[in-house]
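Each remark here refers to the structure printed beneath this line.
Since we're looking at a predicted model, the values are computed, not measured.
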Amino acid sequence: EDFITPFILWRPHGKFGVEASWRHNFDTQELEEQNYFVHWDSSCLSYGLGFRETDNDYQMWATVSLLAMPQTHLSLGR
């Protein structure tokens, strides 16, 4: 199957960012997946909200992480 997955990351001021991606199947001419994620940083925490649609399945989630320890995070809903 032939797929294309464009990805956009926009972070205009460093503390706020938006990510988006779409997966399109050229064989079936259908949009198979779309993802959106918004994140912003405070002085010590990073917050994020995400949405994903795959076929007829929808997911939403929220994340919180410490900026001093970026590998550690709390994720709700995913």
Residues Thr63, Phe37; criterion side-chain contact (heavy atoms from CB on, under 4.5 Å); working and verdict: CA-CA 10 Å; Thr63 62; Phe37 188 69; 3.8 Å; yes
Modelled atom types, side-chain donor and acceptor of Asn25 and Glu32, under 3.5 Å: yes
Side-chain heavy-atom pair [X], [Y] within 4.5 angstrom cut-off:
| X | Y | value |
| --- | --- | --- |
| Arg52 | Gln34 | no |
| Trp22 | Leu31 | yes |
| Arg11 | His39 | yes |
| Gln29 | His24 | yes |

Between [X] and [Y], is there shared hydrophobic-cluster membership here, with clusters defined by ILVMFWY side-chain heavy atoms closer than 4.5 Å?
| X | Y | result |
| --- | --- | --- |
| Phe7 | Trp10 | no |
| Ile8 | Phe51 | yes |
| Leu9 | Leu49 | no |

Closest contact, heavy atoms only, Ser43 versus Leu67: O-CD1, 4.1 Å
Closest contact, heavy atoms only, Ala20 versus Tyr36: CB-CD2, 3.9 Å
OG1-CD distance between Thr5 and Glu33, expressed to the nearest 0.5 angstrom: 7.5 Å
Any donor-acceptor pair under 3.5 Å from Ser42 side chain to Leu45 backbone: yes
Asp55 side chain vs Asp57 backbone, donor-acceptor pair below 3.5 Å: no
Counterpart residues, ring-ring contact (aromatic ring centres under 6.0 Å, His included), relative to Tyr58 (two or more places apart): none
